[in-house]
Number of protein chains: 2
Amino acid sequence: MTVTPHQDPQAPIKTTVQPPEMSTIIGYVLRRAQLSVFQDFLDSFAALKLRPAEFSVLNLIAQCPGQKQSEIAEQLGIKRANFVALMDGLEKRGLAERRKSPEDKRSHSLHLTPQGECFMAEMFAVWRTHEERMIERLGGEAERDRLVELLERLSDRA
Amino acid sequence: MTVTPHQDPQAPIKTTVQPPEMSTIIGYVLRRAQLSVFQDFLDSFAALKLRPAEFSVLNLIAQCPGQKQSEIAEQLGIKRANFVALMDGLEKRGLAERRKSPEDKRSHSLHLTPQGECFMAEMFAVWRTHEERMIERLGGEAERDRLVELLERLSDRA
DNA sequence: GCAGAAATGTTATGATATAAAACAATCTTC
DNA sequence: GAAGATTGTTTTATATCATAACATTTCTGC
């Protein structure tokens with residue numbers, strides 16, 4: 001209920017509601033923060049030529065190799081149609097590969113290549129310094145944990 | 001320094017670092033939350049056919065009428081080249097207008113039209129219910145304030 | 001006052017992201 | 001076995017975003 005606290009007695013009475021300050025709008029502040037963090041990510045990974053989505057895909061494959069292409073895509077909120085080109089890129093770079101599963105000949109199970117495993121070491125090193133920088137911005141790990149908790153409440157939708 | 005706390009004694013010693021859990025990666029959680037909040041915004045404003053950027057532009061013009069086109073664009077991180085079409089849209093809908101400033105004949109000062117002022121009332125009503133919904137997700141205004149504070153720390157870069 | 005540099009709005013273009021429809025191959029269900 | 005669903009794929013359309021180039025206007029140094 002943020003209304004103008006003091007109405008200037010000389011000014012004509014405003015019928016319009018007071019516009020909200022941009023810096024208090026959740027969506028706006030959230031978007032700006034996300035862009036800033038992604039920019040740092042992009043700068044950090046420029047040498048490795050790795051985009052956030054590619055990082056996430058490699059990370060998910062490493063965590064649980066053999067998952068189906070659609071499963072990985074859906075976990076990341078990527079439409080399976082758009083996932084094809086992304087996976088093509090990782091395959092062409094020799095980092096990951098599709099294997100035809102004998103049980104279900106429609107699906108592809110995803111795995112890291114040996115090169116991909118090697119690449120992960122570099123990737124995590126770069127990521128860790130990036131993440132430490134973000135934690136420093138926040139003020140520490142406790143603040144990071146609090147932020148993550150609040151953010152998860154925001155996205156906790158079906 | 002999140003390392004696997006207990007190494008399974010039967011398992012072969014892993015030389016690769018443990019992949020970080022996605023739900024702990026600041027950028028990832030941030031991105032997911034931002035998409036979720038924007039989705040709610042888009043749904044809320046579907047009837048008014050208003051995008052987040054358009055909302056922000058109208059809000060900034062209302063807060064401080066007469067600002068130059070480039071000033072508004074820069075505040076929102078929109079390249080002035082991309083701002084042209086956005087402003088064209090608002091002008092064609094009769095919500096805002098460009099006025100040639102006599103002092104600087106290059107620049108356009110931006111103002112709401114009377115229709116635009118009227119539109120703002122609807123806009124704020126819709127926005128408020130959206131924002132209240134987001135605050136509810138967070139658990140209250142205190143949590144909102146804390147979140148905004150943490151997010152500003154993340155984006156507080158030059 | 002004038003020449004060169006900078007600012008402003010604009011157009012055009014390319015890259016990227018995202019969504020939807022349609023399709024072939026395969027699997028599931030009945 | 002037939003009908004329908006799933007999986008990966010291609011194609012297409014749209015939205016977003018960055019860059020370069022341009023004309024007009026203003027500013028700066030001299």
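Note: hydrogens, waters and symmetry copies are ignored here, and every other heavy atom, side chains too, is used. Chain letters run A, B, ... following the sequence lines, proteins first, then strands; residues in each count from 1.
Rounded to whole Å, atom P of D:dT6 lies 18 Å from atom NE2 of A:His108. When rounded to the nearest whole Å, the span between NZ of B:Lys100 and C1' of D:dA23 equals 12 Å. The CG atom of B:Leu42 sits 13 Å away from the C1' atom of D:dT16 (whole-angstrom rounding). Nucleotide C:dA20 holds its P atom 19 Å from the CZ atom of A:Phe83, rounded to whole Å. Rounded to whole angstrom, the span from the CG atom of B:Leu35 across to the P atom of C:dT18 amounts to 7 Å. Going from atom CG of B:Asn82 over to atom P of D:dA20 covers 14 Å, rounded to whole Å. Separating the CG atom of B:Leu110 from the P atom of C:dT8 is a distance of 13 Å, rounded to the nearest angstrom. Atom P of nucleotide D:dG8 and atom NZ of A:Lys68 are separated by 6 Å, given to the nearest angstrom.
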Q: Apply side chain to side chain contact (heavy atoms under 4.5 Å, CB included) to the pair A:Glu74 and A:Lys79, showing each step before the final yes or no.
A: CA-CA 7 Å; A:Glu74 200 210 7; A:Lys79 295 269 179 297; over 6 Å; no
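In this pair, B:Trp127 and B:Phe124 present their aromatic rings perpendicular. The plane angle is above 60°, beyond the 30 to 60° band.
Side-chain polar atoms of B:Thr24 and A:Arg144 form no donor-acceptor pair below 3.5 angstrom.
Considering only residues two or more places apart in sequence or on other chains, A:Tyr28 meets the ring-ring contact (aromatic ring centres under 6.0 Å, His included) condition with none of them.
At the heavy-atom level, A:Arg99 lies nowhere under 4.0 Å from the strands shown.
Nearest heavy-atom pair across B:Arg146 and A:Leu150 is CG-CD1, 4.3 Å.
Between A:Val148 and A:Glu152 there is a side-chain heavy-atom pair separated by less than 4.5 Å. Inter-residue side-chain proximity for B:Glu97 and B:Leu110 is flagged as unmet; no heavy-atom pair is nearer than 4.5 Å.
Nearest to the side-chain atoms of A:Ser107 among the listed nucleotides C:dT8, D:dG8, D:dA18 stands D:dG8.
Mapping B:Arg51 and A:Val84 onto DNA chain D via the closest heavy atom, the residue that lands nearer the 5' end is A:Val84.
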Q. Along nucleotides 21-30 of chain C, 5' to 3', which nucleotides get a B, which get an S, and which get a -, given that the test is a protein heavy-atom distance under 4.0 Å?
A. B---BBS---
